[in-house]
Protein chains: 2
Amino acid sequence: MTTANERVLTIGEVAEATGVTDHTLRYYEKAGLLVVPRLANGQRRYREMDVKAVEFIGHLRRTGMPIRTIREYADLVRSGKDTSAERMRLLEQHRENVVRDLAEQQKHLDGITLKIEWYRAAMDQRQDSGAQFVESLSSAALAQ
Amino acid sequence: MTTANERVLTIGEVAEATGVTDHTLRYYEKAGLLVVPRLANGQRRYREMDVKAVEFIGHLRRTGMPIRTIREYADLVRSGKDTSAERMRLLEQHRENVVRDLAEQQKHLDGITLKIEWYRAAMDQRQDSGAQFVESLSSAALAQ
DNA sequence: TTCCTTGCTAGAGCGCACTCTAAGTCAAGT
DNA sequence: ACTTGACTTAGAGTGCGCTCTAGCAAGGAA
């Protein structure tokens, strides 16, 4: 079922390929996110699936999933039992969180955009009608 | 120009109103994000504009602007000079960063959604055709 | 008066996710 | 034989943004 002569990568090659430092790769492994096979001398050799796992961990991390939750997911994957339902539930829960966060960030971004537009209006105004406007602008900038 | 009898709030009231703890409000002040007037006995009294500032800081923080950058902005606001152009530039720079981050997060979210759909397909498959599928599912879950 | 609440300061502590250091192993190249 | 470079470990250190503690002061209610 498994392909016998799979191409394997050193930790340095995986770091290069994924943009995750070798330090962090070891850290992920120690944290239980990965289990990577070793040579007799102890060196790690990453299979294609390990690299894919690192990439998927990237998706989870960069959407704000904490290491400990990724670990829970990884534990489910390795439990031997069929935990697909739980894993799916965990991912769906996370997706909901991310969608909510994105919406919230968008709202905060709108607040910032409004302020930028206010600045632009203020500066246009000043160009038309002299420096008078500047005073109220200064005090209002963090406040308004 | 300034309204004389403005309503002022204690730190506790501002904490209540903004959802930022009193500890954090003091921390923000120490970090140079706020300058809040005091009573003779040293207690803070927040004006309407201070509360607005806290809220705007919230927009910046929750879109990932570091404290030190918010401090730069606050310093510009308080510099006395007309720094509106710089302030606007700083905010626009931040907005660009946020827009880029949001797009990137969306991409990572898509990767997660794909995996969820893969699980759903796998589970549907299993329902149709027995447990055979489960094996490959387990090993592929972090990898695929 | 005594208690309770709310405030103050300086500074320590925390949780997170890395990030780096020290000291060593190993294999290949010159 | 020696150097180089990539790897190994355990564990310390870092940066960020809070978060909390200790010890004190002031004001109002019972």
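Treat the numbers as computed from the prediction; the structure is a model and nothing was measured. Values reported hereafter were calculated over all heavy atoms of this structure, with side chains retained and with hydrogens, waters and symmetry mates removed. Numbered from 1 within each chain, the chains take letters A, B, ... in sequence-line order.
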Spacing between [X] atom [atom1] and [N] atom [atom2], to the nearest angstrom:
X       : N      : atom1 : atom2 : value
A/Leu9  : D/dA6  : CG    : P     : 16 Å
A/Gln43 : C/dA27 : CD    : P     : 8 Å
B/Ile11 : C/dT5  : CD1   : P     : 19 Å
A/Arg62 : C/dC18 : CZ    : C1'   : 13 Å
B/Leu39 : D/dA26 : CG    : P     : 13 Å
B/Arg38 : D/dA26 : CZ    : C1'   : 15 Å
B/Asn41 : D/dA25 : CG    : P     : 13 Å
B/Arg26 : D/dC24 : CZ    : C1'   : 13 Å

- Message: Base, sugar-phosphate or nothing for A/Arg45? Non-hydrogen atoms, less than 4.0 Å.
- Response: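 No contact.
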- Query: If you look at every strand shown and take non-hydrogen atoms under 4.0 Å, does A/Arg44 touch a base, only sugar-phosphate, or nothing?
  - Reply: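 Sugar-phosphate, no base atom in range.
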- Message: Within the structure provided, determine whether A/His59 and A/Arg62 are in side-chain contact (heavy-atom separation under 4.5 Å).
- Response: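 SC-SC contact between A/His59 and A/Arg62 ruled out.
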- Message: Checking the side chain of A/Thr83 only, and the main-chain atoms of A/Leu76 only, is there a donor and an acceptor separated by less than 3.5 Å?
- Response: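 Yes, A/Thr83 side chain to A/Leu76 backbone: donor-acceptor pair under 3.5 Å.
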Mind checking the [atom1]-[atom2] spacing from [X] to [Y]? Nearest 0.5 Å is all I need.
X       : Y       : atom1 : atom2 : value
B/Arg44 : B/Leu9  : CZ    : CG    : 14.0 Å
B/Leu33 : B/Thr69 : CG    : OG1   : 10.0 Å
A/Met49 : A/Leu34 : CE    : CG    : 10.0 Å

- Give a yes or no on whether a salt bridge exists between B/Asp124 and B/Arg120, defined as a side-chain N under 4.0 angstrom from a carboxylate O.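 Answer for the salt bridge query: no.
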- Thinking salt bridges, do A/Asp50 and A/Arg47 make one under a 4.0 Å N-O criterion?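 Looking at A/Arg47 together with A/Asp50, the answer is yes, because their closest N to O distance falls below 4.0 Å.
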- Query: Where the side chain of A/Lys30 is defined as all heavy atoms beyond and including C-beta, which of D/dA10, C/dA27, D/dA26 is the nearest nucleotide?
  - Reply: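 Nearest to the side chain of A/Lys30 among the choices is D/dA10.
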- Message: Taking only side-chain N and O atoms of B/Thr10, does any of them lie within less than 4.0 angstrom of OP1 or OP2 on C/dT6?
- Response: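 Checking C/dT6 against B/Thr10, no side-chain N or O comes under 4.0 Å of OP1 or OP2.
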What pairs of nitrogen or oxygen atoms, one from the protein and one from nucleotides 12-18 of chain D, lie under 3.5 Å apart?
residue, atom, partner, partner atom, Å
D/dC16, OP1, B/Arg68, NH2, 2.5
D/dG17, OP1, B/Ile67, N, 3.3
D/dC18, OP2, B/Tyr28, OH, 3.1
D/dC18, OP2, B/Arg61, NE, 2.8

